[in-house]
Amino acid sequence: MAELTYREALNAAMCQEMDRDDSVFLMGEEVAEYDGAYKVSRGMLERYGDRRVVDSPISELGFTGLCVGAAMAGLRPICEFMTFNFSILALDQVINSAAKMLYMTNGQVPVPIVFRGPTGAALQLSAQHSQACETYYVHSPGVKLVTPATPADAKGLLAAAIRDDDPVAVMEGELLYNVRGEVPDGEHVIPLGVADRKRAGNDVSIVTHGKMVHVALQAAATLAREEIEADVLDLRSIRPLDVDAILESVARTNRVVYLEEGWPFAGVGAQIVALIQDEAFDELDAPVVRVTQADVPMPYAKNLEQLAKPSVKAVVDACKRVLYL
Amino acid sequence: MAQGTGTATTRMVDGFTRDELHALLFDMILYRRFEEKAEEAYAIGKIGGFCHLHIGQEALAAGSIKPLREDDLVITAYREHTQAIAKGISPGAVMAELYGRADGCSGGRGGSMHLFDTTVGFWGGHGIVGGQIPLGAGLAWAIKYRGGDQICVCFMGDAAVNQGAFLEALNMSAIWHLPVIYVVENNGYGMGTAFSRVSATEMEARSGACGIPAHTVNGQDVVATHRFFAELAERVRAGAGPQFVNAVTYRFRGHSMSDPVSGTYRSKEEVDSAVEAQDPIKILRDRLMDTGLLTQEELETLDAEARAAIEGAAEFADASPLPDPSTLYDHVYAEINEHGRLFLDGRGSQGGSHG
């Protein structure tokens, strides 16, 4: 084990996979000479050369399509978005090309590609740079999505994403890049579709993903001071979804809060609520409550931004609500 | 035009032997008969959805694809039945795909707009205008990454050059010197909108901003088109970098099956005049007859062979079963592990219950 930042863990995963497979290459804006807009690819140009670490023009639709085409031909591109906000420009190639290619070719053309970069809000970046993009991706059959919350998960999930034969989006967080944590040395691969209980408790389940895991843990710590023990389930992988882990937690606590960074309408939480009422209705002692971003574009002013983001207090309040406290 | 000389077996037109010319004529007739059969099948409901015919543009399919190697890659838009056949997919597998049958080249999952057979280098069949252009750049990128000597030919309609994807892909192809030829099948209309109404510059000017050489070829002349692409393909293979070809052609039918041949956006006179003077099959036929390289009897034999091949294709499609309903969830994902659930439609055993 070594203590690494989340950023270093992502770098380690890319190097681990590029060392073992020449078909893996990294393309994106500022990934090579600049070492990555968030320095995630630091040193990789020097290590692998400009054949495999490639600065793209600012052409999200174009370079995403190029990477999808390269994946169709059997290469394994890591397509970096400076932020997933910019990938909205490229969604045609994600949804119409990458997600559907295997199906409409009747299995002839897999698309083993990784889309990665930060999603969601950082600090005062305002409306166009602060949205959680999970729904755009998981809405389409054919795409997989993982959302690592810790350095260890970042290394293991990114490695698994690169090895996977399908398009996998790896959604990171700008505010996570400096988070430090223990990361296994050597080869570390976490299978897609396995949730991780980040905290054990039997009173209420806080189910969440991505950087909201940290908000959930803070809320759980607050609740613990009132002798309420929350189960914090980090999905880690939204598609495939670890349904068994969700149902197990629901069966134990009978009370669920879903916490996510994005908007509520057709959000990830909406799917989780539908799933729980479909498959665990009788286990519930209270309706599931969702905590999300306010249903508004992200405002710039510090006070409004804080108001719009899901807060620790909102999670604590939601937990008390499902506990009828 | 160079006139033929010598005996019937050795005389040449523009460097082509009589047999080669007969083969090109046969290919174009085959494509014409295929599209006519598709038109007929559509009218009686055997083919559904959108269906875009290539009638009038057959010289481009034969002239640009036949000179390629089998391991060269072709990617294109959705008016692609004849291109698929030209690259080596059997007419039966294409027709079965149009019929939505299991033996279609995409297993009945793609239909008219999504024909694929990568074993012969045909990479689709893409339905979003311009969407295939960055994909074509990516196929070429993969060739270069692996140090291969294939080339990629990426077709598009004239309307596609107004998509951002076009400019982005051409720019990247130029900076990375990719082995790709971008071919505009310029039939003058994007659906019902004349190119001149949506472009302030001529087609040949559209690649210049990226530093990619532009060429124009008469896409109704299969001999000229074939000779041009044979030469250009070898130049690109030898490292000439990306090229842009404005292939001038004309569509004799409507944009799709629901679109009249003429009407609000182009006159009957314009279409009639093109059908009279610009039919690629007539152009080659007349040239061969004028130079004594084709008899009426030979023409009738070629046509009979083409008709028989297409009848066979239609019979193959008719006989092919519908896709097995149990395959509905196949090929959504290439890799399904024992963890987690990928399908969330609540249909359980039909795909939702693994893991």
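Scope of the values below: all heavy atoms of this structure, side chains included, with no hydrogens, waters or symmetry mates.
Looking at heavy atoms from C-beta onward, A:Lys100 lies out of side-chain contact with B:His114 at the 4.5 angstrom threshold. The closest side-chain heavy-atom distance from A:Pro57 to B:Met172 is below 4.5 Å. Side chains of A:Gln93 and B:Leu135 form a contact here, defined as non-hydrogen atoms less than 4.5 Å apart. With a 4.5 Å cut-off on side-chain heavy atoms, A:Leu61 and B:Gln163 do not count as touching. No side-chain heavy atom of B:Lys144 sits under 4.5 Å from any side-chain heavy atom of A:Arg51. Annotation: side chain of A:Asp242 is not in contact with side chain of B:His339 (no heavy-atom distance under 4.5 Å). For the pair B:Trp123 and A:Val109, the minimum side-chain heavy-atom distance is below 4.5 Å. For the pair B:Tyr333/A:Arg239, a side-chain contact is recorded, criterion being any heavy-atom separation below 4.5 Å from C-beta on.
Among the candidates A:Thr64, A:Val194, A:Asp165, A:Leu75, the residue making the largest number of heavy-atom pairs closer than 4.5 Å to chain B is A:Leu75. Interface remark: of the candidates B:Leu73, B:Ile75, B:Asp117, B:Asp117 forms the most heavy-atom pairs closer than 4.5 Å to chain A. Most heavy-atom pairs under 4.5 Å with chain B, from the set A:Leu89, A:Asp278, A:Leu192, A:Ile238: that is A:Leu192. When A:Val68, A:Val54, A:Asn96, A:Asp164 are compared by the number of non-hydrogen pairs under 4.5 Å with chain B, A:Asp164 comes out ahead. In terms of non-hydrogen atom pairs under 4.5 Å with chain B, the most contact-rich of A:Asp166, A:Asp92, A:Val143 is A:Asp166. Chain A forms more heavy-atom pairs under 4.5 Å with one residue of B:Ala169, B:Gly107, B:Ala140, B:Ser173 than with any other, namely B:Gly107.
Across every non-hydrogen atom of B:Ala142 and A:Ala73, the tightest pair is CB-CB, 3.4 Å. Minimum interatomic distance between B:Glu335 and A:Arg163 (heavy atoms only, all atoms of both residues): OE1-O, 3.9 Å. In plain terms, the two heavy atoms of A:Tyr103 and B:Leu328 that are nearest each other are OH-O, 2.6 Å. The minimum heavy-atom distance between B:Pro134 and A:Gly62, with the atom names listed, is CB-O, 3.6 Å. Pairing each heavy atom of A:Asn106 with each of B:Ser106, the nearest pair is CB-O, 3.2 Å.
Heavy-atom distances place no part of B:Leu167 under 4.5 Å from chain A, backbone and side chain included. If you measure heavy-atom distances from B:Ile128 to chain A, the contacts under 4.5 Å come from the side chain alone. Heavy atoms closer than 4.5 Å to chain A are found in the backbone of B:Asp330, but not in its side chain. Using a 4.5 Å cut-off between heavy atoms, B:Leu178 touches chain A through its side chain atoms alone. Neither the backbone nor the side chain of A:Arg236 comes within contact range of chain B; no heavy atom of the residue lies under 4.5 Å from a heavy atom of that chain. The contact between A:Leu275 and chain B is made entirely by side chain atoms (from C-beta outward), counting heavy-atom distances below 4.5 Å. When heavy atoms are compared at a cutoff of 4.5 Å, A:Gln271 approaches chain B solely by way of its side chain, counted from C-beta outward.
Atom CD of A:Gln128 sits in a sparse spot, with 12 or fewer heavy atoms from other residues, nucleotides or ligands closer than 6.0 Å. Around atom CD1 of B:Ile175, more than 12 heavy atoms belonging to other residues, nucleotides or ligands sit under 6.0 Å away.
To the nearest 0.5 Å, atom CH2 of residue B:Trp141 and atom CE of residue A:Met27 are 4.0 Å apart. The distance from the CG atom of B:Asn171 to the OG atom of A:Ser56 is 10.5 Å, given to the nearest 0.5 Å.
One N or O on the side chain of A:Gln108 and one on the backbone of B:Cys105 form a donor-acceptor pair closer than 3.5 Å. No side-chain donor-acceptor contact under 3.5 Å links B:Arg109 to the backbone of A:Thr105.
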